[in-house]
Amino acid sequence: MTSQAKGHATGADPQGDGARGLKTLMDVLAASPASEIAACAEALGGLPQAAPVRGPETGLVMVRGRIGGDGAPFNLGEATVTRATVRLAEGAIGHAYALGQDRAKASLSATLAALWTQGDRRAEIDAAVTAPLLAARAGEETQTKREAAATKVDFFTMVRGDD
Amino acid sequence: MYVAVKGGEAAIANAHKMLADRRRGDRSVPAITVEQLVEQLALGVDRVMAEASLYAPELAALAVKQARGDMIEAIFLLRAYRTTLPRFGASRPVETGEMIAERRISATYKDLPGGQVLGPTFDYTHRLLDPELAGDGEVPPAPARESEGEPLTRVADILAHEDLIERSAAGPQDEPFPEEPSGDLTREPLEFPMARDLRLQALARGDEGFLLALGYSTQRGYGRTHPFAGEIRMGEVEVEMDVPELGFSVALGAVKVTECQMVNQFAGSAKVPPQFTRGYGLVFGQSERKAMSMALVDRSLRAGELGEDRVAPAQDEEFVISHSDNVQATGFVEHLKLPHYVDFQAELDLVRRMRGEFEEKAKGSDTAKQEAAE
């Protein structure tokens, strides 16, 4: 679940806004189910051929916590992560990292990241992929919060005695 | 002593086929799916992930199915699977303060900011078996209401300005926390005494039953620490990792965790004024019992650091940590059923000889007694 600012970059600016736009895209791709990503990719029209550079492969990431929730780091335990790196015919590289074992999702996400990095279709990807996936994740987050809120205790005080 | 013995291949192969048959059970009953386990036996799946120390719900559910519901066997399967995978790296520490919490309660402050949010809890249920659940009745969606969006303040922060509760500090002059934990027990063998970060790693994967019993023992007086459940929260936290090829960090998705802040009495020492100290529990998935037990045991194991007498099992680091891993424990206990024919023959021979000597001696002293009597 992610709540990144929805700042959509449109120009070719790999360091400034560009990196932020790419991060927003990659974050939301990782948090989204493969079926939703595939539907968004479909809305983009066909994706270009992407050659695998690395993976897709599944490995481990050690998830860390903080002692006391706010202190020094400790190793909580590992999680499975699947990653992929692809190259488009024009040379743009895209990476994907996400929890789980879904290799098809990793390849598709990496292709979308490469296409975004290539630069000429950023606005299109932001509108057809990033924005709807962000909205879907935000919707889920709101729903969880609303369900939790319904279980919040509203205390009232029982007055006993005369005064 | 081990001697190579051949034979048993056919018996083993057939035993495994029989296992597969019994696992499937009555063929007229539909086979259970991994999705069903993930969705409907979620807390069992969570326990397997926590104690296998691997967050992977579908794989944990598959392990539960393969193990026929034997949790420790399922944990063993998932541990074995993780050894086949490369390590890509380590995440940034998850920020439990930014959790999308389904539940957050405090037993120390009724009106803490964010309130008492009960979430999907067994608490306050009547523990009466529900025959309706035996069927497949319609279940209405969870009720929802507008969230006030008030952040869930940590209990430790409420008292922080008064310095009445211990704060996490890296060093005397508020030095920054170290970037990396002091070690990783999946990479290096256990060594005692242990740093607290390593202890927490061991406890996070420790057996729930063992930690529960130890936590309970501290409440019953074996190294008591006067605990209050300062705060318990459960929900999803985002896992973020620095990716060198990108030059920035990416979010990998969210994991569900349960966190417990135990607040404990502390009389103070010559160096430290009286204040509340803290025990900490953090566990993969939804497992309040485990998080609470972990926090109790974490606090108990800080006896040395806080200058308390070590008098009870829950305060003995080597005892607790060496016996908390159920895969290790089951391996050593269950290895006893493997063939020990030669060992036993050797011991049998020894006992026979000792018995012979014993009887020889008994006869000797009987004769001596008889002679003395005559």
Side-chain angles (χ1 to χ4, degrees), chain A residues 1-4 14-15 19-20 22-23 26-32 54 57-81 83 85 93 95-101 113 140-155, chain B residues 53-56 58-59 82 85-94 96-97 100-103 110 115-119 142-148 154 168 170 177-178 180-181 184 196-197 200-201 204-205 236 238-239 241 243 245-246 248 250-255 259 261 278 280 282 284:
Chain A
M1 243 169 247
T2 178
S3 47
Q4 300 296 324
Q15 286 313 308
R20 210 174 315 135
L22 181 58
K23 175 173 166 53
M26 290 182 68
D27 286 359
V28 80
L29 286 172
S32 300
R54 179 176 66 185
E57 57 183 349
T58 300
L60 302 168
V61 165
M62 177 54 85
V63 178
R64 288 180 176 158
R66 290 188 178 284
I67 298 175
D70 54 1
F74 73 96
N75 293 314
L76 172 61
E78 288 163 315
T80 53
V81 169
R83 69 179 176 189
T85 302
I93 300 273
H95 304 281
Y97 277 83
L99 292 177
Q101 298 89 239
E140 286 170 353
E141 192 177 312
T142 306
Q143 180 61 17
T144 304
K145 285 180 174 167
R146 292 182 74 239
E147 287 171 359
T151 70
K152 184 173 161 182
V153 180
D154 296 316
F155 287 104
Chain B
S53 202
L54 180 66
Y55 197 94
E58 292 82 15
L59 297 177
R82 78 158 275 286
L85 298 178
R87 169 95 57 97
F88 292 162
S91 81
R92 292 185 174 181
V94 295
T96 51
I100 310 297
E102 286 184 41
R103 170 169 169 82
K110 177 166 74 70
Q116 307 278 352
V117 179
L118 303 182
R145 77 169 184 196
E146 227 29 69
S147 148
E148 288 144 36
R154 289 175 185 286
S168 295
F177 294 115
E180 300 278 320
D184 179 351
R196 190 174 172 203
D197 62 340
L200 287 170
Q201 183 181 5
R205 54 155 58 189
E236 289 195 334
E238 197 165 75
V239 180
M241 184 169 79
V243 178
E245 60 265 35
L246 284 168
F248 53 84
V250 289
L252 307 177
V255 295
E259 180 186 54
Q261 302 270 2
R278 292 193 287 161
Y280 188 64
L282 185 66
F284 278 151

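Residue numbering restarts at 1 for every chain, and letters A, B, ... go by the order of the sequence lines. Computation of the quantities below employed the complete heavy-atom set of this structure, encompassing side-chain atoms and omitting hydrogens, waters and symmetry-equivalent molecules.
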Apply the side chain to side chain contact (heavy atoms under 4.5 Å, CB included) test between B:F88 and each candidate in A:M62, A:E78, A:R83; give the one that qualifies. A:R83
Identify which of [options] forms the greatest number of heavy-atom pairs closer than 4.5 Å to chain A.
options: B:G97, B:G115, B:G119; result: B:G119
options: B:R196, B:R205, B:E58; result: B:R196
options: B:V250, B:T96, B:V239, B:V255; result: B:V250
options: B:D184, B:V94, B:L54; result: B:L54
options: B:A90, B:A142, B:A204; result: B:A90
options: B:E245, B:R154, B:R92, B:Q261; result: B:E245

Part of A:E57 within contact of chain B (heavy atom distance under 4.5 Å): both
Under a 4.5 Å heavy-atom cut-off, does chain B meet the side chain of A:F155, its backbone, both or neither? side chain
So what's closer than 4.5 Å to chain A heavy atoms on [X]: side chain, backbone, both or neither?
X: B:E148; answer: side chain
X: B:E102; answer: both
X: B:F248; answer: side chain
X: B:Y55; answer: both

Heavy-atom pairs under 4.5 Å with chain B, option from [options] with the top count:
options: A:L29, A:L99, A:T85, A:V81; answer: A:L99
options: A:I93, A:T142, A:N75, A:T80; answer: A:N75
options: A:A98, A:G68, A:G59; answer: A:G68

What is the distance from atom [atom1] of [X] to atom [atom2] of [Y], rounded to the nearest 0.5 Å?
X: B:L246; Y: A:Y97; atom1: CG; atom2: OH; answer: 7.5 Å
X: B:I100; Y: A:T144; atom1: CD1; atom2: OG1; answer: 7.5 Å
X: A:D70; Y: B:F177; atom1: CG; atom2: CZ; answer: 6.0 Å
X: A:L76; Y: B:D197; atom1: CG; atom2: CG; answer: 12.5 Å
X: A:H95; Y: A:M26; atom1: NE2; atom2: CE; answer: 7.0 Å
X: A:I67; Y: B:L200; atom1: CD1; atom2: CG; answer: 5.5 Å

Output yes when a side-chain donor or acceptor of B:S91 lies under 3.5 Å from a complementary backbone atom of A:R64, and no otherwise. yes
Under a 3.5 Å threshold, yes or no: a donor from one side chain and an acceptor from the other, between A:Q101 and A:T58? no
Between the side chains of A:T151 and B:R103, is a donor N or O closer than 3.5 angstrom to an acceptor N or O? no
